[in-house]
Asks: 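The structure follows.
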Amino acid sequence: MNHHRILVTGGTGYIGSHTAVELIEKGFEVISIDNLHNSEAWINDRIGMITGISPILEIFDLCDIEKLDSFFQKYKGIKAIIHFAAFKAVGESVEKPLEYYRNNIVSTLNLLEMMKKYGVKAMVFSSSCTVYGQPDTLPVTEVSPLKPATSPYGNTKKICEDIIHDATIAHNEIKAISLRYFNPIGAHPSALIGELPRGVPENLVPFITQTAIGLRDELKVFGNDYNTPDGSCIRDYLHVSDLSKAHVKAVERLIECKNKSDYEIFNLGTGKGVSVFEVINSFERVSGMKLKYRITGRRPGDIEKIWADTTLANKELGWKTVYSLDDAVKSAWEWGKNLRKIN
Ligand code: WQD
């Protein structure tokens, strides 16, 4: 049983809250920083309901370096940081690029400054497959060429990866792992925590569940004229609980000094491509409902198809997904029905 103290930024967010659960269940002490820009404080209580222990939650903005410095003076002995906190809506980032660059980059720079100042040696960074753009060959590996970002959001992920990498080169006491997520979906099996999109969801699965509970009239399928078997886009959808477990593996790798270099990158996906229509069919199978949807034009910025080569994460992290697509979609549906009771 370890009691290593881990700082989780964005700890009441979608991936952050699920990772906090997995960390606590593995015996870590979790301290969370969140500015609640895109989440709710009661998620922290829900983490307590699931695990029996609520993280310490400090509510402030990581871009406020004075507050962040006071935080590190107050909480000594942090063994690692898992940095989730970021603005993450692709479409919004196109409308508000300056807010995205400032928030996502300054928060990361501030954390790295604090790591240097207070001797925190390890960071796990929440990155995204969006850095690959549309790969020329599939599945995509960690050494596949990166393409110019198709959104300011994606560009902030690429820039932050480079900043973190350069920091590990200049300061050899710092080591880091970037985790490139494919498409996280679903919710904790307890249905006590899950994805909480503010306003109209951008992402496919929350839009499906909100359509099914009657919050949205119909799902718009953004194009069925792609060069794929059924014409709809293909992605690599993984259960958020599988994804969260990978973060525990990454933190343990750094704390136990099992990393093979000071900066490592891992793709986190199932390794299987799934189309929009296959997700819809999965929802109808697990819910027993017919989903109302309409095929419209393509969404600007969408790539056609991507799925992960997960060999490196399987081998080096000892991690692979265990939940199926139906498991993930069903967990999203259970959470979505629960949300209906809250709204
Ligand atoms: C998936 C597929 C849409 C909504 C983005 C970010 C990525 C990560 C996950 C943060 C696409 C189609 C969607 C809808 C639809 N975010 N779709 N109707 O765009 O692959 O990835 O979110 O880390 O970084 O890039 O996910 O769920 O938005 O779309 O037809 O109402 O579903 O066209 O093919 P995406 P998504």
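For ligands, and for the atoms within them, numbers begin at 1 and follow the listed sequence. If you're wondering where the values come from, they're calculated on a predicted model, not measured in any experiment.
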Asks: Under the side chain to side chain donor-acceptor pair (under 3.5 Å) rule, what pairs show up with a residue in residues 196-206, not counting sequence neighbours?
Replies: Glu40-Arg198
Asks: Between Asn110 and Ser107, do the side chains contain an N or O donor and an N or O acceptor separated by less than 3.5 Å?
Replies: no
Asks: For the pair Glu113 and Lys116, find out whether any cationic side-chain nitrogen is under 4.0 Å from an anionic carboxylate oxygen.
Replies: yes
Asks: Is the closest basic N to carboxylate O distance between Glu316 and Arg253 below 4.0 Å?
Replies: yes
Asks: One thing to verify: whether Lys67 and Asp61 come together as a salt bridge, which I'm taking to mean a side-chain N less than 4.0 angstrom from a carboxylate O.
Replies: no
Asks: Pairs under 3.5 angstrom, nitrogen or oxygen on both sides, ligand 1 versus protein: list them out, please.
Replies:
residue  : atom   : partner : partner atom : Å
ligand 1 : 18 (N) : Lys220  : O            : 2.7
ligand 1 : 19 (O) : Arg299  : NH2          : 2.9
ligand 1 : 20 (O) : Asn183  : ND2          : 3.0
ligand 1 : 20 (O) : Arg235  : NE           : 2.6
ligand 1 : 22 (O) : Asn203  : ND2          : 2.9
ligand 1 : 23 (O) : Tyr153  : OH           : 2.7
ligand 1 : 24 (O) : Ser128  : OG           : 2.9
ligand 1 : 26 (O) : Asn183  : ND2          : 3.1
ligand 1 : 27 (O) : Asn203  : ND2          : 3.4
ligand 1 : 27 (O) : Leu204  : N            : 2.8
ligand 1 : 28 (O) : Glu202  : O            : 3.4
ligand 1 : 28 (O) : Asn203  : ND2          : 3.0
ligand 1 : 28 (O) : Arg299  : NH1          : 3.4
ligand 1 : 28 (O) : Arg299  : NH2          : 2.9
ligand 1 : 29 (O) : Arg299  : NH2          : 3.3
ligand 1 : 30 (O) : Lys220  : O            : 3.4
ligand 1 : 30 (O) : Phe222  : N            : 3.0
ligand 1 : 33 (O) : Asp302  : OD2          : 2.6

Asks: Would Lys330 and Glu334 pass as an ion pair if we require N to O under 4.0 Å?
Replies: yes
